[in-house]
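Here the structure comes first, spelled out in structure tokens, and everything after it is commentary.
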Amino acid sequence: MRKYTLLYMLCCTLVLQAQMVWHNPLSGDTARVQGRGWNMEAGGNYHRFPDRLKTLLRTEVWQLSNNSAGLHVDFYSNAPEIIVRYTVSGNKTLPNLTTIAVSGLDLYATDSNGKTDWCACPGNYSFGQATADTITFHYKGLTYHNQHRLGSEYRLFLPLYNTVTWLEIGTPEGSTFKWSPLSTEKPIVIYGTSIAQGASASRPAMAWTNILQRRLDAPIYNLGFSGNAWMDEAVFDALSETDARMYILDCMPNMYRWKEDIYTRTLAGVKKLRQKSEAPILLVENDGYMYGTTNPSIAEETKVTNEELHRVYEALLQQGVKNLYYLTMEEIGLTPDSQVDGWHASDVGMEQYAAAYMTKIMDILDLHPLTDYVAVRQRREPATYEWNERHESVLQRHRTIQPDVLMIGNSIMHYWAGEPSHRIHRNVEAWNRLFEGMQVTNMGFGWDRIENVLWRIQHGELDGISPKHICLMIGTNNISIREKPEKIARGITELADAIRRKQPQAHLHVLTVFPRKDMNADVKAVNQLLKQMLHTDALTDLIDMTSALTLPNGQIDPSLYGTDGLHPAAKGYEKVAETLKKVIFQPN
């Protein structure tokens with residue numbers, strides 16, 4: 001009977017897999033692997049360093065760099081089930097980590113409003129018996145609560161302590177599947193120890209580096225090397241090749257054996273980074289081995305390494321090194337219950353690590369939420385455009401041109417005209433007349449709300465440019481979901497402040513929420529509060545668009561609007577352009 005049962009299960013598996021369409025992240029011209037630098041060079045594998053560095057790095061560092069810690073694969077799908085099958089080259093388990101952490105996967109789904117949830121597959125995974133056996137994770141019963149039928153964006157975190165040699169993602173025939181665009185945002189680059197690599201998280205996404213990645217929703221490069229974070233010159237050479245948003249140096253738990261060299265190695269490493277980059281550098285103390293109270297020699301290791309690190313920190317400040325920061329053992333705040341063996345963090349410790357880093361990073365990079373809004377992406381209209389792809393288009397545009405004007409907003413701005421272009425252009429002529437002779441970036445994103453614009457400005461869309469004028473028009477989609485006028489007006493005001501901090505030289509023109517059919521009372525309430533709350537000065541003003549778009553009775557002028565009573569028609573954009581030209585682009 002057992003033989004027939006196994007045969008039946010095998011047949012079912014073969015039938016199931018015959019109905020699946022398989023997707024390989026390494027097929028095609030570009031590897032669809034996120035969370036690492038040198039992606040074009042390392043395109044044929046799941047390593048963290050390119051092959052050319054093999055002869056420059058210590059053997060131990062090179063071998064550990066082949067582990068896929070911090071790497072992830074992102075895709076869109078509406079599949080009711082997803083199968084991931086893959087192989088690894090190393091032992092599938094280690095004494096102080098779970099098999100899932102060493103060799104397993106973690107899958108997360110993000111819905112149309114940017115809400116992210118973990119996808120579990122209890123009992124539906126298999127590691128096989130031999131090292132070379134195919135590992136399978138089968139995610140079943142996936143459901144979607146979006147306003148569209150195109151599913152969610154998925155993020156698949158790869159193993160922390162093994163080397164992936166082959167991987168495919170299977171979705172049923174007839175379901176949608178496509179790769180997410182590769183992020184080109186500047187990454188946070190972390191050079192650290194086994195704790196940074198992921199020991200001893202229970203599963204891949206619970207490594208503090210991956211917790212940080214999920215909460216910041218930003219590119220993180222995990223260059224943690226178990227037992228081998230020795231402040232090597234060759235590793236700093238590699239770090240200096242990355243165009244980082246921030247560098248984190250968390251090597252002290254491995255540095256006691258090199259205690260006499262902490263000063264010189266850190267000094268040399270920081271100066272090497274500063275030759276290439278002005279990005280913030282965060283020096284991190286030894287977290288403190290939690291059995292130091294019962295073992296004085298261990299407490300001494302922590303004390304010595306941290307004193308040496310602080311000594312070099314003070315020296316670097318005295319030498320005039322800018323944008324240098326420091327994270328203490330006390331700020332990390334581990335407790336005895338936060339480690340599994342006195343060295344490596346449990347999930348509790350990983351959460352504490354991530355929380356300490358979040359506090360520091362948000363201060364350094366100005367990533368704080370607004371009073372009522374947390375920065376979040378969205379994907380509410382994928383049949384019309386892909387939000388992430390448009391974000392990447394804005395980043396790419398700002399690498400190639402210096403805009404004179406930024407037009408930030410929602411679909412009202414998005415579908416007017418301009419670059420990055422969209423298939424809907426509601427009045428190109430009015431746009432071109434208004435901005436004749438200027439470089440303009442249309443940063444309107446259909447269906448955007450206040451929180452989505454906040455995400456975009458925190459993720460690079462205002463970086464590396466110096467526009468003369470910025471127009472902000474947002475809020476109508478927050479009105480659509482019946483948020484309170486006070487909340488919306490306060491959100492717009494705080495968003496304007498965030499833009500001011502990013503672009504202090506620009507003239508910021510905040511546009512009132514445009515009148516709209518059947519919601520004029522809500523719009524009026526928001527705009528009245530906005531006039532009270534927004535701080536205006538020589539570089540900040542509020543432009544009231546109401547009179548240009550309404551009849552004497554206060555209702556929208558139907559000749560200026562499309563059938564939805566929300567988006568202006570061509571004549572409406574003429575009125576918008578006329579108003580903007582009068583108040584913004586007057587000759588000096």
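The structure displayed is predicted, hence computed values, not measured ones.
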Near Lys502 NZ, under 6.0 Å, is it more than 12 heavy atoms from other residues, nucleotides or ligands?
yes
Give a yes or no on whether the backbone of Leu71 and the side-chain of Gln34 come within a donor-acceptor separation of less than 3.5 Å.
no
Hey, does the side chain of His148 reach the backbone of Leu150 with a donor-acceptor pair shorter than 3.5 angstrom?
yes
Are the side chain of Thr493 and the backbone of Ala489 linked by a donor-acceptor contact shorter than 3.5 Å?
yes
Validation row, ring centre Trp416 to ring centre Tyr573 under 6.0 Å
yes
Tell me whether Lys571 forms a cation-pi arrangement with Tyr561, defined as NZ or CZ under 6.0 Å from the six-membered ring centre and within 45 degrees of its axis.
no
Going by distance alone, is a donor N or O of one side chain under 3.5 Å from an acceptor N or O of the other, for Arg516 and Ser480?
yes
Mind telling me whether Tyr353 and Tyr357 have parallel, tilted or perpendicular rings, with 30° and 60° as the class edges?
parallel
Hey, does the side chain of Glu451 reach the backbone of Gln378 with a donor-acceptor pair shorter than 3.5 angstrom?
no
Inspect the surroundings of CZ in Arg52 and state if more than 12 heavy atoms from other residues, nucleotides or ligands are less than 6.0 Å away.
yes
Return the orientation label for the His507 and His509 ring planes: parallel under 30°, perpendicular over 60°, tilted otherwise.
parallel
Donor-acceptor check, side chain of Arg500 to backbone of Leu539, threshold 3.5 angstrom: yes or no?
yes
Side-chain donor or acceptor of Asp448 paired with backbone N/O of Asn410 under 3.5 Å:
no
In this structure, is the centre-to-centre distance between the rings of His138 and Tyr125 below 6.0 Å?
no
Should we say atom NZ of Lys487 is surrounded by more than 12 heavy atoms from elsewhere, each under 6.0 Å from it?
yes
Over 12 non-hydrogen atoms of neighbours within 6.0 angstrom of NZ in Lys360:
yes
Will you find, in the side chains of Thr134 and Thr87, an N or O donor that is under 3.5 Å from an N or O acceptor?
no
Taking atom types as modelled, find out whether Asn452 and Arg380 have a side-chain donor-acceptor pair closer than 3.5 angstrom.
yes
Cation-pi geometry met for Arg456 and Phe445 (6.0 Å, 45°):
yes
So, Tyr325 versus Asn323: side-chain donor-acceptor pair below 3.5 Å or not?
yes
Does the ring of Phe75 carry Arg32 above it, NZ/CZ under 6.0 angstrom from centre and within 45° of its axis?
no
Enclosure of Glu436 CD (heavy-atom neighbours >12, cutoff 6.0 Å):
no
Less than 4.5 Å apart, side chain to side chain, heavy atoms only: is that true for Tyr191 and Val235?
yes
Side-chain touch Ile543/Val510, heavy atoms, less than 4.5 angstrom
no
If we count only N and O atoms by modelled type, under 3.5 Å, do the side chains of Asp111 and Ser152 hold a donor and an acceptor together?
no
Under 30°, 30 to 60°, or over 60°: which ring-plane class applies to Tyr415 and His422, parallel, tilted or perpendicular?
tilted
Are Glu41 and Arg36 within salt-bridge range, i.e. N to O under 4.0 Å?
no
Side chains of Gln505 and Ser466: is there a donor and an acceptor less than 3.5 Å apart?
no
Please check if any side-chain donor atom of Arg379 sits under 3.5 Å from a side-chain acceptor atom of Asn388, or the reverse.
no
Is it true that atom CH2 of Trp431 has more than 12 heavy atoms of other residues, nucleotides or ligands lying nearer than 6.0 Å?
yes
Identify whether the distance between the nearest side-chain nitrogen and carboxylate oxygen of Glu241 and Lys276 falls below 4.0 Å.
no
Answer yes or no for Arg203 and Trp118: cation-pi contact, defined as NZ/CZ to six-membered ring centre under 6.0 Å and angle to ring axis within 45°.
yes
Within 45° cone of Trp22 ring axis and under 6.0 Å: Arg85 NZ or CZ:
yes
Under 3.5 Å: donor-acceptor pair, side chain of His425, backbone of Ala417
no
Checking side-chain polar atoms at under 3.5 Å, does Thr163 have a donor or acceptor matched by the opposite partner on His47?
no
Can Tyr108 and His72 be said to form a ring pair (Phe, Tyr, Trp, His ring centres under 6.0 Å), step by step?
CA-CA 11 Å; Tyr108 283 73; His72 52 94; over 10 Å; no
Give a yes or no on whether the backbone of Asn78 and the side-chain of Thr176 come within a donor-acceptor separation of less than 3.5 Å.
yes
Tell me, do Pro159 and Asn67 make a side-chain contact under 4.5 Å, heavy atoms counted?
no
Could you walk me through whether Trp455 and His391 pass the ring pair (Phe, Tyr, Trp, His ring centres under 6.0 Å) test, one step at a time?
CA-CA 10 Å; Trp455 189 97; His391 169 61; 5.0 Å; yes
Are Arg155 and Thr116 close enough that a side-chain donor and a side-chain acceptor fall under 3.5 Å?
no
Backbone N or O of Ser112 within a donor-acceptor pair of the Asn146 side chain at under 3.5 Å?
yes
